[in-house]
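Nothing here was measured: the structure is a model prediction, and the numbers come from that model.
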Amino acid sequence: MRLWHEQLIDKLPRQQLLGQHRELAAFRGNGWGRSHATVDYVFKYSPYKLFQFHQLVIQEMLRRGYEPDKLWCQANYRGKNCQPYQHLTALLLIDPIYPEHNDDYLKICLLNLANKGIHLS
């Protein structure tokens, strides 16, 4: 699992964008708190930040004509197999959402994509 750098969301090919949505949905649900070396940094923050990040992906999906389930636009929603949050406190949207998404992280993401044959600028 990987969260792509925020600056890449609108440039991701279809497969990576939709894959990101699936991973975020899983991560917001029963995957929350399950250790994964690449994304453990998200556990330092409120799950609301993951919701904010997911909204970036959903907005790009909508822009491209995809129709994600509208339930994912609710901060407390955690999927069909997971109880919703009762009182998830909203946070101010900051840029970047995760401070770990810096220039070095952008380079890592671009290299990861290049290794898959995807070259973005």
Side-chain angles (χ1 to χ4, degrees):
M1 179 177 285
R2 166 179 305 282
L3 297 187
W4 295 109
H5 192 285
E6 294 170 38
Q7 292 179 13
L8 299 178
I9 299 298
D10 66 341
K11 297 170 182 62
L12 290 173
R14 178 183 188 278
Q15 182 178 349
Q16 280 67 32
L17 180 67
L18 298 180
Q20 184 76 118
H21 170 60
R22 283 189 303 276
E23 289 178 350
L24 286 163
F27 208 35
R28 282 180 61 190
N30 290 321
W32 182 256
R34 291 196 180 159
S35 182
H36 191 289
T38 328
V39 292
D40 272 354
Y41 62 90
V42 302
F43 302 129
K44 296 190 305 187
Y45 306 100
S46 165
Y48 195 85
K49 282 191 170 284
L50 192 64
F51 164 73
Q52 290 175 324
F53 189 88
H54 198 182
Q55 295 317 290
L56 295 177
V57 172
I58 287 174
Q59 290 306 310
E60 180 59 22
M61 291 173 66
L62 292 169
R63 188 186 73 77
R64 294 187 195 186
Y66 302 125
E67 297 180 10
D69 190 330
K70 290 179 174 86
L71 290 171
W72 289 113
C73 295
Q74 298 173 20
N76 290 327
Y77 185 68
R78 299 186 67 203
K80 295 176 183 171
N81 299 316
C82 193
Q83 290 297 313
Y85 291 110
Q86 294 304 308
H87 302 290
L88 192 59
T89 303
L91 300 174
L92 182 65
L93 181 64
I94 60 171
D95 183 25
I97 293 171
Y98 291 104
E100 290 80 1
H101 288 205
N102 55 28
D103 289 340
D104 290 336
Y105 189 72
L106 177 59
K107 291 174 189 169
I108 291 168
C109 287
L110 287 169
L111 180 60
N112 183 288
L113 288 165
N115 288 337
K116 299 175 188 291
I118 301 164
H119 300 281
L120 304 177
S121 55

Under a 4.5 Å cut-off applied to non-hydrogen side-chain atoms, are [X] and [Y] in contact?
X: H36; Y: V39; result: yes
X: E6; Y: L106; result: no
X: M61; Y: L18; result: yes
X: P68; Y: L62; result: yes
X: L3; Y: Y41; result: yes
X: I118; Y: N112; result: no

Which heavy atom of [X] sits nearest a heavy atom of [Y], and at what distance?
X: F27; Y: R34; result: CE1-O, 4.3 Å
X: C82; Y: G29; result: SG-C, 3.8 Å
X: L17; Y: I9; result: CD1-O, 4.1 Å
X: L113; Y: Q16; result: CD2-CG, 4.0 Å

K107 (side chain) donor-acceptor with D103 (main chain) under 3.5 angstrom:
no
N30 side-chain N/O to N81 backbone N/O, donor-acceptor pair under 3.5 Å
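Judged by distance alone, yes, a pair lies under 3.5 Å.
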Drop me the distance from [X]'s [atom1] to [Y]'s [atom2], to the nearest 0.5 angstrom.
X: D69; Y: Q74; atom1: CG; atom2: CD; answer: 9.0 Å
X: K116; Y: Q15; atom1: NZ; atom2: CD; answer: 8.5 Å
X: H5; Y: D104; atom1: NE2; atom2: CG; answer: 9.5 Å

Is R2 positioned over the aromatic face of W4, cation under 6.0 angstrom from the ring centre and no more than 45 degrees off axis?
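Yes, R2 sits over the ring of W4.
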H101 vs Y98 aromatic rings, parallel, tilted or perpendicular, using cut-offs 30° and 60°?
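Tilted, since the angle between the ring planes falls between 30° and 60°.
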Could you see if [X] belongs to whatever hydrophobic cluster contains [Y]? Use Ile, Leu, Val, Met, Phe, Trp, Tyr and a side-chain cutoff under 4.5 Å.
X: L24; Y: Y77; result: no
X: I58; Y: L71; result: yes
X: Y105; Y: L120; result: yes

Side-chain polar contacts of residues 42-56 - donor-acceptor pairs under 3.5 angstrom, sequence neighbours left out - could you list them?
unit_1: K44; atom_1: NZ; unit_2: E100; atom_2: OE2; d: 2.9
unit_1: Y45; atom_1: OH; unit_2: E100; atom_2: OE1; d: 3.2
unit_1: Y45; atom_1: OH; unit_2: E100; atom_2: OE2; d: 2.9
unit_1: S46; atom_1: OG; unit_2: Y48; atom_2: N; d: 3.0
unit_1: K49; atom_1: NZ; unit_2: I97; atom_2: O; d: 2.8
unit_1: Q52; atom_1: NE2; unit_2: L91; atom_2: O; d: 2.9
unit_1: H54; atom_1: ND1; unit_2: R28; atom_2: NH1; d: 2.9
unit_1: H54; atom_1: NE2; unit_2: H21; atom_2: ND1; d: 2.8
unit_1: Q55; atom_1: NE2; unit_2: W72; atom_2: O; d: 3.0

